[in-house]
Amino acid sequence: QVSLVESGGGLVQAGGSLRLSCVGSGSNFNTLAVGWFRQPPGKEREFVAAVSWSGGNRDYAPNVKGRFTVSRENIKNTAYLQMNTLESDDTAVYYCAASHTGCSAGGCPQALYEYPYWGQGTQVSVSS
């Protein structure tokens, strides 16, 4: 079993930055792909970014590519989402999740059903 805990959310002005962290526990966390998702108010949960178990493959949603960077440090059992140039549309609850489905050169898993392990979420609010 894998448990995930996110942190780093908060209130930031448009144009600002935040870094989210996701700490995983469980013997096989470092063998799993990690994805970041978000759920804006009144909307469905959506894919944001994902990183392979090694950190060598990364994938991004088109609306965050170039602004967000996903990474991980397996020695710390931690994945990160660095968010720069934040916009009001980035306001959402952000979740990290872990998947047994691997990444490839073609991308990482993006569907919710591919991620059996989820954190509790952290709120990111961007004021304009």
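Numbers for residues simply follow the sequence, beginning at 1.
The side-chain contact (heavy atoms from CB on, under 4.5 Å) check on Ser3 picks up Ser25, with sequence neighbours excluded. Residues meeting the ring-ring contact (aromatic ring centres under 6.0 Å, His included) test with Trp53, sequence neighbours left out: none. For Tyr60, there are no ring-ring contact (aromatic ring centres under 6.0 Å, His included) partners, not counting sequence neighbours. With sequence neighbours left out, the side-chain contact (heavy atoms from CB on, under 4.5 Å) criterion links Val126 to Val12, Ala14, Leu86, Asp90, Thr91, Val124. Shown here are the salt bridge (Lys or Arg N to Asp or Glu O under 4.0 Å) partners of Lys76, two or more places apart in sequence or in another chain: Glu73.
Atom SG of residue Cys22 and atom CZ of residue Arg72 lie 9.0 Å apart, to the nearest 0.5 angstrom. Distance check: Leu81 CG to Thr122 OG1 gives 11.0 Å after rounding to the nearest 0.5 Å.
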Distance-only donor-acceptor pairs under 3.5 Å for side chains of residues 95-104, two or more places apart:
unit_1, atom_1, unit_2, atom_2, d
Ser99, OG, Thr101, N, 2.9
Ser99, OG, Glu114, O, 2.7
His100, NE2, Tyr117, OH, 3.0
Ser104, OG, Gly106, N, 3.1

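When the side chains of ILVMFWY residues are joined at heavy-atom separations under 4.5 Å, either directly or via intervening members, Val23 and Val2 end up in two distinct hydrophobic clusters. A single hydrophobic cluster is not seen to contain both Tyr80 and Val64; linkage of ILVMFWY side chains at heavy-atom distances under 4.5 Å, directly or through other members, places them apart.
Pairs of residues two or more places apart, or lying in two chains, never qualify as disulfide bond (SG atoms under 2.5 Å apart) while including a residue from residues 47-90. Applying the side-chain hydrogen bond (donor to acceptor under 3.5 Å, both in side chains) definition to pairs two or more places apart or across chains, those involving residues 7-22 are Ser17-Asn84. Sorted by first then second residue, the salt bridge (charged side-chain N to carboxylate O under 4.0 Å, His left out) pairs that include residues 39-62, not counting sequence neighbours, are Arg38-Glu46. Residue pairs satisfying the disulfide bond (SG atoms under 2.5 Å apart) criterion with at least one member in residues 32-74, sequence neighbours excluded, are absent. Pairs engaging residues 10-43 under the ring-ring contact (aromatic ring centres under 6.0 Å, His included) rule: Phe37-Phe47, Phe37-Tyr115, Phe37-Trp118 [sequence neighbours left out]. Contacts classified as disulfide bond (SG atoms under 2.5 Å apart) and involving residues 35-85 (residues at least two apart or in different chains) are not found.
Under the 4.5 Å side-chain criterion, counting only non-hydrogen atoms from C-beta, Glu6 is not in contact with Leu20.
Closest heavy-atom contact between Pro109 and Ala50: O-CB, 4.2 Å.
Remark: the backbone N or O of Asn74 is paired with a side-chain donor or acceptor of Asn30 at under 3.5 angstrom. At distances below 3.5 Å, not a single donor-acceptor pair connects side-chain atoms of Gln120 with backbone N or O atoms of Val5.
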